[in-house]
Protein chains: 2
Amino acid sequence: MAVVEKSPMQTEHGRDRILRVAANLFLTKGYAETSLRTIADAAEMRPASIYHHFDSKDALLSEILDIGMHAVTTAFTAAREELGSEATGRQQLQAHVAGHLRALFANQAFTAAHVTVFPFAPADVRAASVPQRDEYEALWTDMLSHIAPGLGSDALRLTRLALFGAMNSAVQWFDHTEGSVDDLAATIVDTLWHGLAPRTGGTS
Amino acid sequence: MAVVEKSPMQTEHGRDRILRVAANLFLTKGYAETSLRTIADAAEMRPASIYHHFDSKDALLSEILDIGMHAVTTAFTAAREELGSEATGRQQLQAHVAGHLRALFANQAFTAAHVTVFPFAPADVRAASVPQRDEYEALWTDMLSHIAPGLGSDALRLTRLALFGAMNSAVQWFDHTEGSVDDLAATIVDTLWHGLAPRTGGTS
DNA sequence: TTGCCAACCTAACGATCGTTCGGTAGTCTG
DNA sequence: CAGACTACCGAACGATCGTTAGGTTGGCAA
């Protein structure tokens with residue numbers, strides 16, 4: 001599996017280590033703001049050594065974005081296949097939100113980098129990632145249009161963007177070692193499903 | 001009567017022009033990715049001239065962020081004062097969403113820069129903007145907690161983040177010269193207010 | 001043992017960065 | 001007219017950037 005599931009042990013070597021520390025630095029400091037010398041320091045190497053594993057700084061970022069988008073796409077299709085055909089719309093939504101969140105927390109820097117780093121990535125790198133991003137976006141749009149068929153195209157887009165805004169920001173404040181990711185998913189879905197309108201006769 | 005429009009005409013000079021072109025460049029290309037030479041080119045100046053108006057590149061960014069946050073904060077309080085005390089929760093929400101959106105489209109680069117540029121701004125600049133950001137965030141949290149008193153603190157935060165995600169992303173796809181900003185606000189509020197659940201039979 | 005190759009190193013390259021210094025026009029004041 | 005001030009400019013500074021050239025090392029294969 002390309003998905004990084006190793007714990008960040010000191011035993012990690014070479015290529016994988018570069019990828020992990022670079023992803024974290026790109027996420028927290030930004031792409032242009034992170035120099036190869038900083039990456040090399042964090043990976044306990046010299047800058048030149050990075051070029052033994054990657055063609056360029058751009059290629060390194062490109063691979064990081066690939067890993068991240070692959071992780072969430074895999075999570076999405078896995079959630080879909082685990083759902084029975086009799087699942088309600090809300091159950092489908094919750095399964096996919098939980099899948100996205102789990103992928104987000106399991107591969108933090110790789111997936112989260114898409115939110116913050118992508119917009120400012122060099123044009124070449126950005127262009128290479130666009131098809132994967134569009135594909136993932138389409139998966140969500142498709143699912144949402146099925147479970148909420150009454151929504152217009154603007155409302156559909158806004159719902160997706162609002163949902164992504166809530167999910168992706170969670171990585172910045174939610175402590176997944178304390179709280180349950182499934183509970184978080186339930187809260188997100190619950191809020192989005194019922195809306196803000198005063199509940200007339202809700203249970204619990 | 002003299003025309004007092006301050007549209008971004010070619011007649012714009014010096015300081016204001018630097019601010020506007022820099023804000024647009026920071027928004028589209030990123031802070032570190034935009035050099036002072038690029039800004040100077042866009043403002044039809046030489047790089048050294050910028051230092052006649054601003055102490056440093058950081059100071060320039062700091063002022064841009066200030067302008068943007070001031071615009072949305074002003075829009076928020078203006079919307080609140082225009083509301084009568086008998087306004088429903090939904091009317092309050094809609095007025096503030098419309099205010100935020102109008103401020104966003106009127107000062108595009110300045111306000112939008114907060115979304116994309118702020119996270120990677122130099123630590124000093126970021127620290128200087130944090131209080132204003134927190135203040136604006138608190139305005140929304142406070143309002144949301146009043147119009148949806150049933151929400152827990154996590155749900156409240158998620159609602160705010162989802163709302164911001166929807167509103168702030170609009171700047172990237174909504175054409176405010178064609179569609180009405182008020183209609184957009186209505187769509188956002190409608191979606192968030194009623195939720196995704198199949199509507200039972202309520203009137204508009 | 002010899003040869004090879006992946007992994008890493010030191011040292012330096014040219015380019016670009018933010019910034020500074022010392023000017024020069026134009027305009028307003030007295 | 002002299003002086004001051006605003007707005008801008010040309011040219012350069014040191015620092016840092018991504019990148020490359022040319023080693024050195026250790027382990028495995030034959």
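What you see is a predicted model, and the numbers here were worked out from it, not measured in a lab. Proteins get letters first, then strands, A, B, ... in listed order; numbering begins at 1 in each. Computed over heavy atoms, backbone and side chain alike; hydrogens, waters and symmetry mates excluded.
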side-chain contact (heavy atoms from CB on, under 4.5 Å), that's the test. Do B:His176 and B:Gln108 meet it? Break it down for me. CA-CA 11 Å; B:His176 69 294; B:Gln108 283 228 22; 3.9 Å; yes
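Atom CG in A:Asp55 sits roughly 16 Å away from atom P in D:dG18 (whole-Å rounding). Atom pair B:Glu33:CD and D:dG18:C1' shows a separation of 14 Å (rounding to whole Å applied). Atom P of nucleotide C:dT19 and atom CG of B:Leu36 are separated by 6 Å, given to the nearest angstrom. Between B:Ile50 atom CD1 and C:dT19 atom P there is a gap of 10 Å when expressed in whole angstrom units.
At a threshold of 4.5 Å between non-hydrogen side-chain atoms, the residues B:Tyr31 and B:Phe120 do not count as touching. Counting only heavy atoms from C-beta outward, the side chains of A:Phe174 and A:Leu101 never approach each other to under 4.5 Å.
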Tabulate atom names and distances for all N/O pairs under 3.5 angstrom spanning the protein and nucleotides 4-12 of chain C.
unit_1, atom_1, unit_2, atom_2, d
C:dA7, OP2, A:His52, NE2, 3.2
C:dC8, OP2, A:His53, NE2, 2.8
C:dC9, OP2, A:Arg46, N, 2.6
C:dC9, OP2, A:Ser49, OG, 2.5

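Ring-centre distance between B:Phe164 and B:His100: below the 6.0 Å cut-off.
B:Thr34 comes within 4.0 angstrom of the backbone, heavy atoms only, and of no base.
Heavy-atom contacts from other residues, nucleotides or ligands closer than 6.0 Å to NE2 of B:His53 number more than 12.
For the pair A:Asp142 (side chain) and A:Ala138 (backbone), a donor-acceptor distance under 3.5 Å is absent.
In terms of phosphate contacts, A:Ser35 brings no side-chain nitrogen or oxygen within less than 4.0 Å of OP1 or OP2 of D:dT16.
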